[in-house]
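Scroll down for the structure; my scribbles are underneath it.
Note that this is a predicted model, so its numbers are computed, not measured.
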Amino acid sequence: MKKTKTPNKRARNPKAKGPMSPNGTRFAEAAAWLAGIGKEFHARGWVLGTSGNFSAVISREPLRLAITSTGLDKGTLAPGQFLEMDETANVVRGDGRPSAEALLHLAIVRGVDAGAVLHTHSVWSTVLSGSHAAQGGIALEGYEMLKGLEGVRTHKHREWLPILENSQDMIELGEHVSKTLRESPGIHGFLLREHGLYTWGAGLQEAKRHVEILEFLMEVLVRSGAAQST
Ligand SMILES: [Zn+2]
């Protein structure tokens, strides 16, 4: 006869799925956080028209991420709309499918051991990643707000924000992301050309702060005209 697990056994098994498992709790917490981030970022105009995607690591062994489902308005996300995916971007919890860009989230989580990855499509990142594509990136230097980036202690810090050529081939782009992270240790984010920003953090709070800092600095560069002379 086929064995069936009782609810109590499921609750005691850390690898078990379901609302009582540690993964289930972490998934619910991450989904609630990410839904709140979606509302805030949408209100700021950073994730309009279903653009952008957000993820958080809820387990390392095996690797599991809570991630936005594709095609949803980020301003009205509900925690129940999030997905749990494994290390190959297969959905293991929730309805829907992750964005094709889920492979980039996985490349970042593996490349820099990030606990959360946030991706926005702001006007500022779109403008700058187009105007500076030939230089391969943008240098952010001399701004007090740089101190909001993890590990940065002075406005004299020079932050290099690489610009990667955009592509719809996510396997190729994922490899490009991994290569960039290997070759530029210490960066806090990168841009996809005329597409948007990817940044991350050890946790969701840090990743959210990095979006706010980098979006602020990109807006300053465009509004002040400083970007044209760099
Ligand atoms: Zn995107």
Side-chain angles (χ1 to χ4, degrees), residues 14-19 21-38 41 46-47 49-74 77-121 125 162 164-182 187 189-193 195-204 206-208 210-211:
K15 285 184 177 166
K17 299 219 170 46
S21 70
N23 259 16
T25 305
R26 281 188 217 109
F27 175 78
E29 286 171 357
W33 248 92
L34 293 169
I37 282 174
F41 287 6
W46 297 338
V47 287
T50 77
S51 67
N53 33 68
F54 318 131
S55 72
V57 174
I58 57 171
S59 159
R60 295 272 176 196
E61 284 289 335
L63 186 60
R64 295 283 186 271
L65 275 70
I67 190 163
T68 40
S69 181
T70 191
L72 299 178
D73 183 324
K74 302 301 178 297
L77 285 177
Q81 292 176 313
F82 283 80
L83 308 172
E84 181 178 334
M85 70 173 188
D86 67 13
E87 74 283 356
T88 56
N90 279 323
V91 174
V92 296
R93 187 198 304 265
D95 297 320
R97 60 185 175 86
S99 156
E101 290 183 53
L103 294 178
L104 307 189
H105 287 247
L106 288 167
I108 294 167
V109 164
R110 290 200 185 98
V112 294
D113 213 18
V117 178
L118 301 176
H119 170 49
T120 50
H121 287 201
S125 63
L164 283 62
E165 197 60 45
N166 196 26
S167 171
Q168 304 304 321
D169 181 340
M170 290 303 149
I171 294 173
E172 182 190 62
L173 195 49
E175 286 167 2
H176 198 175
V177 166
S178 299
K179 184 168 177 276
T180 300
L181 296 174
R182 277 197 306 274
I187 59 170
F190 60 82
L191 299 174
L192 297 180
R193 184 178 183 173
H195 176 160
L197 168 73
Y198 268 91
T199 185
W200 51 85
L204 271 166
E206 189 177 301
K208 177 174 180 279
H210 287 167
V211 170

Residue pair [X] / [Y]: nearest heavy atoms and the distance that separates them:
X      : Y      : result
Ser167 : Glu172 : OG-OE1, 3.6 Å
Phe27  : Ala66  : CD1-CB, 3.7 Å
Arg93  : Ser21  : NH2-OG, 4.4 Å
Pro98  : Leu83  : N-CD1, 3.3 Å

> Should the pair Tyr198 and His119 be assigned to parallel (<30°), tilted (30 to 60°) or perpendicular (>60°) ring geometry?
Replying inline: parallel
[X] side, atom [atom1]; [Y] side, atom [atom2] - distance, nearest 0.5 Å:
X      : Y      : atom1 : atom2 : answer
Met85  : Leu63  : CE    : CG    : 7.5 Å
Leu77  : Thr68  : CG    : OG1   : 7.0 Å
Phe54  : Leu65  : CZ    : CG    : 14.5 Å
Thr199 : Ile187 : OG1   : CD1   : 9.0 Å
Leu192 : Asn166 : CG    : CG    : 5.5 Å

For residues 104-118, tabulate all N or O donor-acceptor pairs below 3.5 Å that involve a side-chain atom, not counting sequence neighbours.
{"unit_1": "His105", "atom_1": "ND1", "unit_2": "Ser55", "atom_2": "OG", "d": "2.8"}
{"unit_1": "His105", "atom_1": "NE2", "unit_2": "Asn53", "atom_2": "OD1", "d": "2.6"}
{"unit_1": "Arg110", "atom_1": "NH2", "unit_2": "Glu87", "atom_2": "O", "d": "2.8"}
{"unit_1": "Asp113", "atom_1": "OD1", "unit_2": "Arg60", "atom_2": "NH1", "d": "3.2"}

Using side-chain hydrogen bond (donor to acceptor under 3.5 Å, both in side chains) as the criterion, list what pairs up with [X], not counting sequence neighbours.
X      : value
Glu29  : none
His210 : none
His176 : none
Asp73  : none

[X] side chain to [Y] backbone, donor-acceptor under 3.5 Å:
X      : Y      : result
Ser125 : His121 : no
Lys74  : Phe41  : no
Arg26  : Ile58  : yes

> Between Val177 and Leu181, is any pair of side-chain heavy atoms under 4.5 Å apart?
Replying inline: yes
> Considering residues at least two apart in sequence or located in another chain, which fulfil the side-chain contact (heavy atoms from CB on, under 4.5 Å) criterion with Glu175?
Replying inline: Ile171
> Is there a donor in the side chain of Thr88 and an acceptor in the side chain of Asn90, or the other way round, less than 3.5 Å apart?
Replying inline: yes
